[in-house]
Each structure stands twice: as structure tokens, then as C-alpha cells.
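We use all heavy atoms of the structure for the numbers below, so side chains are in, but hydrogens, waters and symmetry mates are not. Counting starts at 1 for both ligands and their atoms, in listed order.
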Amino acid sequence: MKNDSFYSQVLNELAAKNIRRALKPNGTGINFVHNDYLGLKNHPEIAEAAALAYRKWGSGSGGSRLLGGNPEIFERAETELARWKGTEAALLFNCGYSANVGLVSALCNEQTTLFMDKLNHASIVDGYRQSNAKLVRFPHHDTDFLETALKKTSGRKIIYVESVYSMDGDLAPLRDYADLAEKSSALLVVDEAHGEGIFGPDGKGLVHELGLENRVDLVLGTFGKAYGTAGACVWGSRTLIDYLVNKARSFIYSTALPPGVVASMLKAVEVAVRESWRRERALTLAAAFREKMNRNGWNTLKSASQIVPLVIGSSEKCISVSEKLSEKGLWTAAVREPTVPAGTARLRINFTASHQEKDLEMLVSALESWRTEHE
Ligand SMILES: Cc1ncc(COP(=O)(O)O)c(C=O)c1O
């Protein structure tokens, strides 16, 4: 028998710190966990578009895009998505994780310095780990730090940030990043995983909301979140997209998405553009929740999006509040170390188009009664 004591010891250590992860069946009750921000996951029109495409093209794409897995719907989707966002080109990836890993590792070599926000998603960090780049991780949203670091650095530079940070719900100072990228001739890449579908005209993202579409070199959007389906898309110039087709290993060496998923991506965008109330509701409910919670002294960090963190402190306390809410039919996520720094365990409350005002009221009152019992 193989000796697995090392692995069980690691698991025991995680359990002792209350941070051992385990798969659980989905919670029940009112759902504040999913990233299905526009409430499109069960939209019949989108499921039908996927079903039609599955019938037409079958259940899989048959190979990687470069080796036979390139049915016509992929290029049609990329052309339509590029036209929609006004870029020269677009490229589909299997998911946001593989898009980030592919982008970072392809764009960087040993002559590149990668500047990234300390709170950037694990997929961006993992992309860096596959590259030979030099790395500068700057404190969250600290543009002064970044400016100084850029000035001190020669060679090729890439600034890689997110638009909406998923554990804090706050918005990046994208205008400042665009200015700094121009001043320092750095490439600017923005991951819109949590801004896509929610911000900007027709939900085109925060980059568009701020009028920066011609000042950001590559934008990454995911379809598993606001659009309720799966996959990711990267928008940029023809040259950069062609470069990724040649160099992004997660794109080249992986079976392409099933065509049915691509059909659902396109339909989801169409529905989201038409049903603009969806993004408005998610943002309005989140703002109302923040307002009430802040008035009652809760810490929601600098949230300004559909994602509202409630900082609880210890992992133990955070799990206890989440369990209490669950007993009352409210399903929330307790986010702990290492996803967030120790001591800042939080409930991550996602507002979506599927919520009603009364759901928010129930949540507020359950949180207040937990606090009365515990403090
Ligand atoms: C900022 C960011 N980028 C990328 C991803 C990965 O996207 P996907 O779930 O499509 O792999 C996530 C998912 O949590 C994310 O938060």
C-alpha cells in the first residue's frame, strides 16, 4: 500500500484551521452563491439554442480548434462577438481559467515584466507560473505603487488586472491603468469575468462603461458567470488574437468546446442585451443591500457591484453564520483562507436578476438576528 500519510496530514492541518474544502451537494433555499448574475442559467431560449446546435453538430467538437474541432459556429461566434464589442477579432477559450493561463503564459517571456494586482485570480497567477516572466505584484488598486514600479522597469511590460474583483466586489481604477499603460508602453489586459454582462452599454463590461475600449489591448470575458452558460472569449486586435492562436497552449492543446455551448453563448448575449432589466436589478438590489448593511455597521469593503462581501473575521465564525442562514433557507458562500487573507473570512453575497426585494429583506433580518445572538 502506498504511504499517503503526507496527504492525510495536510488534510488534517487544513481541517484544524477550519479551511479544509469538501464537495457538498448544492445548498437549498434562496441562492446568493451562484455567479449566474443575470439569472440566465435556466432561460428556455438559451437551452433551446444549445439543444438545436447539439442536434445539428453532435455532442462534441471532435478535436482542438487547429485539428478538426472548428465547426462553422466557432468562427461565426467569434466574428459576431468581435463586431458586438467593436474589436478587430475575438477568440473563444474553453473557460476563463484556461483563457488566463493561456494568455499570461503566451504573452510573457523572460524579457517581460508582468505587473499584476495582488488580488488577481488564481488563473492569472497560474499563467505566470507557466511563464518565465519577471513579476511585480502591486497592492490592490495601488496605482502609485504601480507607476513607480513601471518607471523603474525596462523591457516589455504587461499590466494585467480584473475589472470587478470577485471576493471584494470592488471596481478597478481602469482609467488610471490605461493612462499608465500608455505612459509606459505597457500592454494592458483586463479580465472582465465579473463585469461582463453587468456593466457598460448592453452589458459589454466595465471597459466599455468607462469608454476605454480603444485603450485596453485585450479583454477577457467569461460565459459561465453572468451569461449562465460556459466558456470564455478574448477580444483584441487581429495581430494579438492571431498570436494567441499560435502561442496560447491552453487554446492549442485542448479539445474545443461542444458547439452547443457556443450556441448558448451567442444566445445568452442576445437575451442579455434585450432584457436589460436583468443587469439593472442585480445592481440595484446589491446597492440597496450595501446601504442597509453599512447603516447597521457591517463591513462590505469597497463593493460597488453585484457582489457584496460581508467581512466576518475568523473562518469559524464565518461558517457559523453561513450555517445559521442556511437553517433559515438562505444559501450563502463562506469564503475563507487561502481564497481571502486570514482574518478576513467573509460571506460573499451575489445579487442576481432572479432575486426579489423580499429575498434581500429576509437576508438582512437573518443577519441581524444572528448578530444579536452572537455579539
Ligand atoms: C477573475 C476571474 N477570472 C477567471 C475566472 C475563471 O473563469 P471560468 O470559471 O470560466 O473558468 C474566474 C472564476 O472564478 C474569475 O473570478
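The structure places CG of L310 at 10.0 Å from CZ of R371, a figure rounded to the nearest 0.5 Å.
For ligand 1, the atoms closer than 4.0 angstrom to any heavy atom of S123 are 4 (C). Ligand-side atoms of ligand 1 in range of G96: 6 (C), 7 (O), 8 (P), 10 (O), 11 (O), range being under 4.0 angstrom from any heavy atom. Under a 4.0 Å criterion applied to the non-hydrogen atoms of C95, ligand 1 contributes the atoms 10 (O), 11 (O). Counting the atoms of ligand 1 from 1 in the order shown, those under 4.0 Å from a heavy atom of A193 are 1 (C), 2 (C), 3 (N), 15 (C).
Side-chain contact annotation: K41 with S354, donor-acceptor N/O pair under 3.5 Å absent.
Contacts between N35 and ligand 1, counted as non-hydrogen atom pairs separated by less than 4.0 Å, are absent for every part of the residue.
Of the candidates T229, N100, V161, it is N100 that places a heavy atom closest to atom 4 (C) of ligand 1.
With respect to atom 16 (O) of ligand 1, the closest heavy atom belonging to the protein is H194 NE2, 2.6 Å. Protein heavy atom at the shortest distance from atom 5 (C) of ligand 1 is H121 CE1, 3.6 Å. What sits closest to atom 11 (O) of ligand 1 on the protein, heavy atoms only, is Y97 N, 2.9 Å.
Residue-to-ligand polar distances keep T222 apart from ligand 1: every N/O pair is separated by 3.5 Å or more.
Heavy atoms only, all atoms of each residue included: I159 and Y177 are closest at CD1-O, 4.2 Å.
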